[in-house]
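Data block below; observations after.
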Amino acid sequence: VERRLRTVAVVQQSDALNSEAEAHRRKNATLEQEVARRTQAETKLQGRLDQMMTVLQVFDEVSRTLDVDYVQLITLDAASRLSGADAGFVALRDGEKMQVSRAIGQYTPEEQKATLNVEHPLLKRIFDSRHAEMFHDLTESKTALPTLSDSQARIIIPMISRDRCVGLVNLETKKPERFDKNVFRLLRLLEQYMSVALDNAQLYQQVHAQLAELQALYEQVSQLEQLK
């Protein structure tokens, strides 16, 4: 009887230890899951902070230049990095025409200088609404813009300044999961500042060209006066 009691006690003690060990394992597993969730959340937050820092750096850089080509370069580079786009281009509006002026990706030479049909229903809708659009079905947009054959998603961003469209940014990717709502919001924020910077640079370029013409005209008049 005494042996049986001892055996029962040992079994009970062993069961208690096993139960305690299992409780510890569950607790550790829960802690590991919590650490993993926090790490994932911190990584995601850090990614968004890095994206916002990129946007702020771009704002600072474009505020210091009035060079149209440089503003386009910064705009396209920042938009591509923020979105993970595989290709894209900037198109500028000149009167009733809009032409691709800077591009990255495997576009043909013709596509890199393509003139866009601003009366195309899709572009007209975007320009009239003044809002960017994201597409995961490119059936309609392929008829409006140069499109790479392997692209699966695109974002079209109208560049609006002083209540008029000065151009657009087109971004494409063969990995549609890259273009999510967070990326879309960042690009819309970027567009607001890029549009103003581009418009200012274009105005400066126009004024500079007009001053150069006036200077040339003044010199011609001066030469004529000397011949009298």
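All values reported here derive from a predicted model rather than from experimental measurement.
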If you look at every heavy atom in V166 and S161, which pair is closest and at what distance? CG1-CB, 4.3 Å
Check the surroundings of atom CZ in R162: do more than 12 heavy atoms from other residues, nucleotides or ligands lie under 6.0 Å from it? yes
Taking C-beta and beyond as the side chain, do I104 and F89 meet within less than 4.5 Å on heavy atoms? no
Residues passing the salt bridge (charged side-chain N to carboxylate O under 4.0 Å, His left out) test with D77, sequence neighbours excluded, are R81
Side chain to side chain, V68 and Q72, heavy atoms closer than 4.5 Å: yes
How many angstroms lie between CG in L189 and CG in L82, if you round to the nearest 0.5 Å? 9.5 Å
Of the non-hydrogen atoms in A91 and L116, which two are nearest, and what is the gap between them? CB-CD1, 3.8 Å
Within a strict 4.5 Å, meaning less than it, do heavy atoms of the D69 and R102 side chains meet? yes
So which heavy atom on V183 is nearest to which on D180, and how close? N-OD1, 2.8 Å
Determine the minimum heavy-atom distance between M98 and G167, stating which atoms define it. CE-CA, 3.8 Å
Value rounded to 0.5 Å, distance of CG in N28 from CD in Q33: 11.0 Å
Taking T108 for the side chain and E111 for the main chain, is one N or O donor matched with an acceptor at less than 3.5 Å? yes
If every non-hydrogen atom of Q112 is compared with every non-hydrogen atom of A103, which pair is closest and at what distance? CG-CB, 4.2 Å
Determine whether more than 12 heavy atoms belonging to other residues, nucleotides or ligands lie under 6.0 Å from atom CZ of R26. no
For R125 and E140, what are the C-alpha separation, side-chain angles and deciding distance, and is it a salt bridge (charged side-chain N to carboxylate O under 4.0 Å, His left out)? CA-CA 12 Å; R125 181 181 75 230; E140 181 185 13; 3.8 Å; yes
Are there over 12 heavy-atom neighbours, none belonging to Q106, within less than 6.0 Å of that residue's CD? no
Between L190 and I157, is there a side-chain heavy-atom distance shorter than 4.5 Å? no
Taken to the nearest 0.5 Å, the spacing of I74 CD1 from D67 CG works out to 9.0 Å
Do side-chain atoms of H131 reach the backbone of I126 as a donor and acceptor pair under 3.5 angstrom? no
How about L123 and V118: do any of their side-chain heavy atoms sit closer than 4.5 Å? no
For F184 against A132, the heavy-atom pair lying closest together: CZ-O, 3.4 Å
Do other residues, nucleotides or ligands put more than 12 heavy atoms under 6.0 Å from the OH atom of Y70? no
Can you list everything that forms a ring-ring contact (aromatic ring centres under 6.0 Å, His included) with F179? Sequence neighbours excluded, please. none
Any salt bridge linking R188 with E191? Criterion: basic side-chain nitrogen under 4.0 Å from a carboxylate oxygen. no
Give every donor-acceptor pair under 3.5 Å between a side-chain atom in residues 145-153 and any protein atom, sequence neighbours left out.
residue, atom, partner, partner atom, Å
T147, OG1, L145, O, 2.9
T147, OG1, R154, NH1, 2.9
T147, OG1, R154, NH2, 3.1
S151, OG, E172, OE1, 2.7

Side chain to side chain contact (heavy atoms under 4.5 Å, CB included) evaluation trace for Q215 with E219: CA-CA 6 Å; Q215 181 66 31; E219 291 176 357; 3.3 Å; yes
Please answer: with hydrophobic residues joined when any side-chain heavy atoms are less than 4.5 Å apart, are L171 and L73 in the same cluster? yes
Does K175 pair with D86 as a salt bridge, N-O distance under 4.0 Å? no
Are the side chains of V90 and L168 in contact, using a 4.5 Å heavy-atom criterion? no
So R93 and R164, do their side chains get closer than 4.5 Å, heavy atoms only? no
What distance do I160 atom CD1 and S129 atom OG have between them, rounded to the nearest 0.5 Å? 8.0 Å
Do I155 and M134 have side chains that get closer than 4.5 Å, going by heavy atoms? yes
